Amino acid sequence: MSNNKREIAAGKILIAQPFMMDTNFKRAVVGICEYSKEKGTVGFILNKPINMDISEIIGDVVTEEKYEVFYGGPVATDTLHYIHNVGDLLDDSIKVSDGIYWGGDFKKLKFLIESGLILKDNIRFYIGYSGWEAGQLRQELASGSWIVSELYANYIFKSKSNALWQKALDHKGDAYSIIAQIPNYISHN
């Protein structure tokens with residue numbers, strides 16, 4: 001099975017191989033938001049929710065709706081990031097791919113949430129991020145740690161996080177669908 005290593009780019013995902021030992025990335029699906037051969041890679045783990053609502057982090061956001069927070073990765077865990085599908089509303093957003101935007105004007109974001117113009121189905125918040133220095137991710141791909149695939153907006157905004165790893169592998173088809181069936185714990189086999 002080829003990972004087609006040349007595919008690394010913003011708008012792709014990294015799917016952790018089933019036996020990855022790093023607890024930060026076990027069964028992780030990482031959405032790539034920025035990639036540069038010279039500067040490295042920035043992404044967010046899409047399928048690791050933490051038991052926290054955004055109002056616990058940003059105390060001055062007034063909303064009745066619960067906005068779930070995810071663990072974005074082990075780098076800079078004192079930072080907050082967001083991926084959304086409303087780039088036309090949120091100034092300074094960076095388009096990652098069709099229907100997926102990263103960041104944007106934070107003051108306007110709070111206003112749009114409080115006004116009900118950005119709902120919980122439009123945005124995901126991440127504590128920390130996943131980052132690789134230039135060349136580091138290519139080395140991990142060469143060692144077989146990751147499978148590269150396409151990032152779809154539904155993976156972020158519509159999929160259940162506990163089923164995303166398997167879903168992303170199933171979408172790749174063929175042998176990857178078989179890999180998706182490997183139980184999380186071998187004792188469950």
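Just so it is clear, the structure is predicted and the values come from calculations on it, not from any experiment.
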**Q.** Qualifying residues under side chain to side chain contact (heavy atoms under 4.5 Å, CB included), relative to S36, sequence neighbours excluded
**A.**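 With sequence neighbours excluded, S36 shows a side chain to side chain contact (heavy atoms under 4.5 Å, CB included) to E38, K39, given in chain and number order.
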(Q) Test of understanding: with side chain to side chain contact (heavy atoms under 4.5 Å, CB included), list the residues that count as partners of S115, not counting sequence neighbours. (A)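 For S115, the residues satisfying side chain to side chain contact (heavy atoms under 4.5 Å, CB included) (neighbours in sequence not counted) are F111, L117.
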Residues forming a side-chain hydrogen bond (donor to acceptor under 3.5 Å, both in side chains) with [X], sequence neighbours excluded:
X	result
W132	E140
S149	none
T79	H81

Closest non-hydrogen atom pair between [X] and [Y], with its separation:
X	Y	answer
I15	A168	CD1-CB, 3.7 Å
A180	D170	CB-OD1, 3.6 Å
S130	F25	OG-CE2, 3.3 Å

Calculate, to the nearest 0.5 Å, the distance between atoms [atom1] and [atom2] belonging to [X] and [Y] respectively.
X	Y	atom1	atom2	answer
R138	W146	CZ	CH2	15.5 Å
H84	I113	NE2	CD1	10.0 Å
Q17	S145	CD	OG	7.5 Å
L89	Y101	CG	OH	10.0 Å
Q181	I179	CD	CD1	11.0 Å

Residues 153-160, side-chain donor-acceptor partners within the protein, below 3.5 Å, at least two apart:
unit_1: Y155; atom_1: OH; unit_2: H171; atom_2: ND1; d: 2.6
unit_1: S159; atom_1: OG; unit_2: N154; atom_2: O; d: 3.0
unit_1: S159; atom_1: OG; unit_2: K167; atom_2: NZ; d: 3.0

Q. Which one of I83, I100, T41, L151 satisfies the side chain to side chain contact (heavy atoms under 4.5 Å, CB included) criterion with C33?
A.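 Filter result, single survivor: I83.
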Q) With respect to L112, which candidate in V86, L90, N122 satisfies the side chain to side chain contact (heavy atoms under 4.5 Å, CB included) definition? A)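 Exactly one candidate clears the test, L90.
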Q) Yes or no on side chain to side chain contact (heavy atoms under 4.5 Å, CB included) for L137 and L14, after CA distance, side-chain angles and deciding distance? A) CA-CA 10 Å; L137 183 54; L14 302 173; 3.7 Å; yes
Q.
Applying salt bridge (Lys or Arg N to Asp or Glu O under 4.0 Å) as the test, list every pair that has at least one member in residues 11-23; sequence neighbours left out.
A.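 Salt bridge (Lys or Arg N to Asp or Glu O under 4.0 Å) check on residues 11-23 returns E7-K12, K12-E150.
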Q. Tell me the salt bridge (Lys or Arg N to Asp or Glu O under 4.0 Å) pairs involving residues 84-109, sequence neighbours left out?
A.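 Sorted result for residues 84-109: D91-K108, K95-D98.
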Q | Derivation of the side chain to side chain contact (heavy atoms under 4.5 Å, CB included) call for N85 and I123 | A | CA-CA 7 Å; N85 60 11; I123 192 165; over 6 Å; no
Q | Set of residues satisfying ring pair (Phe, Tyr, Trp, His ring centres under 6.0 Å) with respect to W102, sequence neighbours excluded | A |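 For W102, the residues satisfying ring pair (Phe, Tyr, Trp, His ring centres under 6.0 Å) (neighbours in sequence not counted) are F44.
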Q. Which residue pairs pass the side chain to side chain donor-acceptor pair (under 3.5 Å) test when at least one of the two sits in residues 44-61, sequence neighbours left out?
A.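 For residues 44-61: D53-S55, D60-K110.
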Q | Minimum side-chain heavy-atom gap V148-I13 below 4.5 Å | A |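 No; the side chains remain at least 4.5 Å from each other.
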Q) Would you say L46 and Y126 make side-chain contact, with heavy atoms under 4.5 Å? A)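 L46 reaches Y126 side chain to side chain.
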Throw together a table of side-chain donor-acceptor distances under 3.5 angstrom for residues 64-72, partners on residues two or more places apart or in other chains.
unit_1: E65; atom_1: OE2; unit_2: K120; atom_2: N; d: 2.4
unit_1: Y67; atom_1: OH; unit_2: I118; atom_2: O; d: 2.6
unit_1: Y71; atom_1: OH; unit_2: N24; atom_2: OD1; d: 2.6

